[in-house]
Amino acid sequence: MEAAEKEEISVEDEAVDKNIFRDCNKIAFYRRQKQWLSKKSAYQALLDSVTTDEDSTRFQIINEASKVTLLAEIYGIEGNIFRLKINEETPLKPRFEVPDVLTSKPSTVRLISCSGDTGSLILADGKGGLKCHITANPFKVDLVSEEEVVISINSLGQLYFEHLQILHKQRAAKENEEEASVDTSQENQEDLGLWEEKFGKFVDIKANGPSSIGLDFSLHGFEHLYGIPQHAESHQLKNTGDEDAYRLYNLDVYGYQIYDKMGIYGSVPYLLAHKLGRTIGIFWLNASETLVEINTEPAVEYTLSQMGPVAAKQKVRSRTHVHWMSESGIIDVFLLTGPTPSDVFKQYSYLTDIGEK
């Protein structure tokens, strides 16, 4: 009887107070990117600016709205790895690049320029099995293996790059304000955290304005994704909804909730995708606060009534879109092309010296 009268205690009562941690709707760079990406992609690759050397292929990308020029670099790395770096061509000051994580400078493989259609460029490794198809307008990169597109970069037009600026009150010309990639009215500045961001008693002053970055990756034929630790979630990553992204941010969280996408403890921006016959990886080399959105489009098989007799047996492959957003730094991403799980682990360990090379 006494046992029955005892108050029931739920583990939820001891769970962390999530109000003391930021979620998506409290993160200014997330709100800015989601607002801006509701518009059409404004980036175009300037293929007449292509230069090639032993290590990399470089070309400019221009934002048609702000007229700010970015510099893209594509590297082929030993062991079936591709690296893409995007930075401001002439930043106000050097943007942060992550040191120490790569154990040494990776050995590169010279990429050979192949003939492409007008408005495109094809880069191939020495073996010819892997190719990068670069489309100029709108800017997009397709990673092709054995004539099959494996990964598409910026196919959704979610490339986002906030350039460093002088404090807007000190600008000499008003037209520079009008060319800014986000609305700089006083009301929007406070809501979007352009120059100052507040959370609780903390105030983050941004001397050179916002500097967040973002990019989307479409993984063709993949529905099973893993990685980006550390979260108390299921082993297989789940699709995310609005304001429900996986957060990568080092936190010491006591009594964390299970099946939750909030960040805890370590932060490793390394994602794996697997399907029958191939495993790939994405290593997003950025140490700042990062959010990852995932959306899977399942395979669709067209029926006779939907498409007519000619297309009765056509089938659209499933694909998963992964959208990375980081608070600052540059875009520096490694594409680990496998094709086996063992190959992907070797490729990651080659870059970071986790285990034996």
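Since we're looking at a predicted model, the values are computed, not measured. Residue numbers start at 1 and run along the sequence shown.
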Asker: So Ile166 and Asn208, do their side chains get closer than 4.5 Å, heavy atoms only?
Answerer: no

Asker: With side chains defined as the heavy atoms from C-beta onward, is the minimum distance between Pro106 and Tyr350 less than 4.5 Å?
Answerer: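 Yes, at least one pair of side-chain atoms sits under 4.5 Å.
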
Asker: Pairing donors with acceptors under 3.5 angstrom, does anything connect the side chains of Tyr160 and Glu162?
Answerer: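 Per modelled atom types, Tyr160 and Glu162 side chains form a pair under 3.5 Å.
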
Asker: Please find the pair of heavy atoms, one from Ile264 and one from Ala232, that lie closest to each other, and give the distance.
Answerer: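 Minimum heavy-atom contact is CD1-N, 4.0 Å.
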
Asker: Under the criterion side chain to side chain contact (heavy atoms under 4.5 Å, CB included), I'd like the reasoning laid out for Trp284 against Ile213: C-alpha separation, chi angles, the key distance, then a yes or no.
Answerer: CA-CA 12 Å; Trp284 178 266; Ile213 58 172; 4.0 Å; yes

Asker: For Val322 and Leu219, run side chain to side chain contact (heavy atoms under 4.5 Å, CB included): C-alpha distance rounded to whole Å, both residues' side-chain angles, the deciding distance at 0.1 Å, then the answer.
Answerer: CA-CA 8 Å; Val322 183; Leu219 315 181; 4.0 Å; yes

Asker: Tell me if a side-chain donor or acceptor on Asn250 pairs with a main-chain N or O of Ser267 at a distance below 3.5 Å.
Answerer: yes

Asker: Can you name the residues that form a salt bridge (Lys or Arg N to Asp or Glu O under 4.0 Å) with Arg83, not counting sequence neighbours?
Answerer: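 Only Asp332 meet the salt bridge (Lys or Arg N to Asp or Glu O under 4.0 Å) criterion with Arg83.
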
Asker: List the atom of Ser218, the atom of Leu156, and the distance in Å for their closest heavy-atom pair.
Answerer: OG-CG, 4.4 Å

Asker: Scan side-chain atoms only and decide if Thr337 and Asn80 contain a donor-acceptor pair under the 3.5 Å cut-off.
Answerer: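 Distance-only check fails for Thr337 and Asn80.
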
Asker: Could you give me the CA-CA distance, side-chain angles and deciding distance for Glu148 and Lys275, then say whether salt bridge (charged side-chain N to carboxylate O under 4.0 Å, His left out) is met?
Answerer: CA-CA 14 Å; Glu148 178 182 335; Lys275 66 177 182 179; 3.3 Å; yes

Asker: Kindly give the heavy-atom pair with the smallest separation between Cys114 and Ala124, and that separation in Å.
Answerer: SG-CB, 3.9 Å

Asker: Keeping Asn154 on the side-chain end and Phe139 on the backbone end, is there a donor-acceptor pair under 3.5 Å?
Answerer: yes

Asker: Just say parallel, tilted or perpendicular for the rings of His235 and Tyr226, cut-offs at 30° and 60°.
Answerer: tilted

Asker: Would a distance-only check, ignoring hydrogens and angles, find a side-chain to backbone donor-acceptor pair under 3.5 Å from Asn63 to Tyr43?
Answerer: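 Judged by distance alone, no pair lies under 3.5 Å.
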
Asker: Provide the closest heavy-atom pair for Ile134 versus Ile74 in the form atom of the first, atom of the second, distance.
Answerer: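 Where Ile134 meets Ile74 most closely, the heavy atoms are CD1-CD1, 3.6 Å.
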
Asker: Would you say Ser234's side chain and Gln236's backbone share a donor-acceptor pair under 3.5 angstrom?
Answerer: yes

Asker: When you measure from the side chain of Tyr75 to the backbone of Lys85, do you find a donor-acceptor pair of N or O atoms at a distance under 3.5 Å?
Answerer: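 No; judged by distance alone, with no hydrogens or angles, the pair does not exist.
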
Asker: Would you tabulate the side-chain donor-acceptor contacts of residues 287-295 under 3.5 Å, counting partners in other chains and residues two or more places apart, or write 'none'?
Answerer:
residue : atom : partner : partner atom : Å
Ser288  : OG   : Asn286  : OD1          : 2.6
Ser288  : OG   : Glu327  : N            : 3.3
Ser288  : OG   : Ser328  : N            : 3.3
Ser288  : OG   : Ser328  : O            : 3.4
Glu289  : OE1  : Arg22   : NH2          : 2.4
Glu289  : OE2  : Arg247  : NE           : 2.7
Glu289  : OE2  : Arg247  : NH2          : 2.9
Thr290  : OG1  : Ser288  : O            : 2.9
Thr290  : OG1  : Ser326  : OG           : 2.7
Glu293  : OE1  : Lys34   : NZ           : 3.1
Glu293  : OE1  : His323  : ND1          : 3.3
Glu293  : OE2  : Tyr30   : OH           : 3.1
Glu293  : OE2  : Lys34   : NZ           : 3.2

Asker: Report yes or no: does Glu64 contribute a side-chain atom to a donor-acceptor pair with the main-chain N or O of Gln44 at less than 3.5 Å?
Answerer: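 No, Glu64 side chain to Gln44 backbone: no donor-acceptor pair under 3.5 Å.
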
Asker: If Ile, Leu, Val, Met, Phe, Trp and Tyr residues are connected whenever their side-chain heavy atoms lie under 4.5 Å apart, and connections chain through other members, are Leu47 and Leu111 in the same group?
Answerer: yes

Asker: Please find the pair of heavy atoms, one from Gly227 and one from Leu237, that lie closest to each other, and give the distance.
Answerer: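 Scanning both residues completely, I find the closest heavy atoms to be O-CD2, 3.7 Å.
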
Asker: Could you grab the distance from atom CD of Glu146 to atom NZ of Lys131, nearest 0.5 Å is fine?
Answerer: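 The distance works out to 9.5 Å.
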
Asker: At what distance, to the nearest 0.5 angstrom, does OG of Ser212 lie from CD1 of Ile27?
Answerer: 11.5 Å

Asker: Can you tell me how far the CG atom of Leu84 sits from the CG atom of Leu285, to the nearest 0.5 Å?
Answerer: 12.5 Å

Asker: Quick one: do Val68 and Leu71 end up in the same hydrophobic cluster if we chain Ile, Leu, Val, Met, Phe, Trp and Tyr together by side-chain heavy atoms under 4.5 Å apart?
Answerer: no

Asker: Show your working on side chain to side chain contact (heavy atoms under 4.5 Å, CB included) between Leu351 and Phe334 and close with a plain yes or no.
Answerer: CA-CA 9 Å; Leu351 296 172; Phe334 294 83; 3.7 Å; yes

Asker: Let's go through Asp343 and Tyr348 carefully: what are the C-alpha distance in whole Å and the side-chain angles of both, what is the deciding distance for side chain to side chain contact (heavy atoms under 4.5 Å, CB included) to 0.1 Å, and is it a yes or a no?
Answerer: CA-CA 9 Å; Asp343 290 331; Tyr348 182 64; over 6 Å; no

Asker: Any sub-3.5 Å donor-acceptor pair from Arg319's side-chain atoms to Gly221's backbone N or O?
Answerer: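 Absent.
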
Asker: Are Leu130 and Val141 co-members of a hydrophobic cluster defined by side-chain heavy atoms under 4.5 Å apart?
Answerer: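 Same hydrophobic cluster.
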
Asker: More than 12 non-hydrogen atoms from neighbouring residues, nucleotides or ligands closer than 6.0 Å to CG on Asp242, yes or no?
Answerer: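 No, the 6.0 Å shell around CG holds no more than 12 heavy atoms from other groups.
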
Asker: So, Asp216 side chain and Gln158 main chain: donor-acceptor pair closer than 3.5 Å or not?
Answerer: yes

Asker: Would you check if Ser152 and His220 make a side-chain contact, meaning some heavy-atom pair closer than 4.5 Å?
Answerer: yes

Asker: Walk me through it: do Arg95 and Glu88 pass the test salt bridge (charged side-chain N to carboxylate O under 4.0 Å, His left out)?
Answerer: CA-CA 8 Å; Arg95 296 177 68 111; Glu88 292 185 64; 2.8 Å; yes

Asker: So that I can tick it off, tell me whether Glu89 and Arg58 are bridged by a salt bridge, with the cut-off set at under 4.0 angstrom between side-chain N and carboxylate O.
Answerer: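 A salt bridge is absent here (no side-chain N lies under 4.0 Å from a carboxylate O).
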
Asker: Is there a path of hydrophobic side-chain contacts, each under 4.5 Å between heavy atoms of I/L/V/M/F/W/Y residues, joining Ile280 to Leu335?
Answerer: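 Cluster IDs for Leu335 and Ile280 match.
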
Asker: With a 4.5 Å limit on heavy-atom distance, are the side chains of Ile228 and Leu248 in contact?
Answerer: yes

Asker: Are the aromatic ring centres of Tyr246 and His231 under 6.0 angstrom apart?
Answerer: yes

Asker: Does the side chain of Leu70 come within less than 4.5 Å of Asn87's, by heavy atoms?
Answerer: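 Side-chain contact under 4.5 Å: no.
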
Asker: Specify the closest pair of heavy atoms between Arg110 and Thr52, including all atoms of both residues, with the distance to one decimal.
Answerer: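 The pair with the smallest heavy-atom distance is NH2-CG2, 4.3 Å.
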
Asker: How about His133 and Ser120: does a side-chain donor come under 3.5 Å of a side-chain acceptor?
Answerer: no

Asker: How many angstroms lie between CZ in Phe222 and OG1 in Thr320, if you round to the nearest 0.5 Å?
Answerer: 9.0 Å

Asker: In the structure I gave you, are the side-chain heavy atoms of Glu78 and Thr108 within less than 4.5 Å of one another anywhere?
Answerer: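 When only atoms from C-beta onward are counted, Thr108 and Glu78 do not touch, as no gap falls below 4.5 Å.
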
Asker: Might you work through the salt bridge (charged side-chain N to carboxylate O under 4.0 Å, His left out) test for Glu233 and Lys261, ending with a clear yes or no?
Answerer: CA-CA 7 Å; Glu233 251 290 6; Lys261 298 179 178 66; 3.7 Å; yes

Asker: Are Ile330 and Phe217 connected into the same hydrophobic cluster when the rule is that any two of I, L, V, M, F, W, Y join if their side-chain heavy atoms are below 4.5 Å apart?
Answerer: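 In one cluster: no.
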
Asker: Can you tell me how far CD1 of Ile282 sits from CG of Leu272, rounded to the nearest 0.5 angstrom?
Answerer: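 Rounded to the nearest 0.5 Å, the CG-CD1 separation comes to 9.5 Å.
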
Asker: Quick one: does any side-chain atom of Asp260 pair with a main-chain N or O of Met262 as donor and acceptor, under 3.5 Å?
Answerer: yes

Asker: Which distance, rounded to the nearest 0.5 Å, do you find between the CD1 of Ile86 and the CD1 of Ile331?
Answerer: 4.5 Å

Asker: Quick check: do Phe59 and Asp48 have side-chain heavy atoms less than 4.5 Å from each other?
Answerer: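 Of all side-chain heavy-atom pairs linking Asp48 with Phe59, none is under 4.5 Å.
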
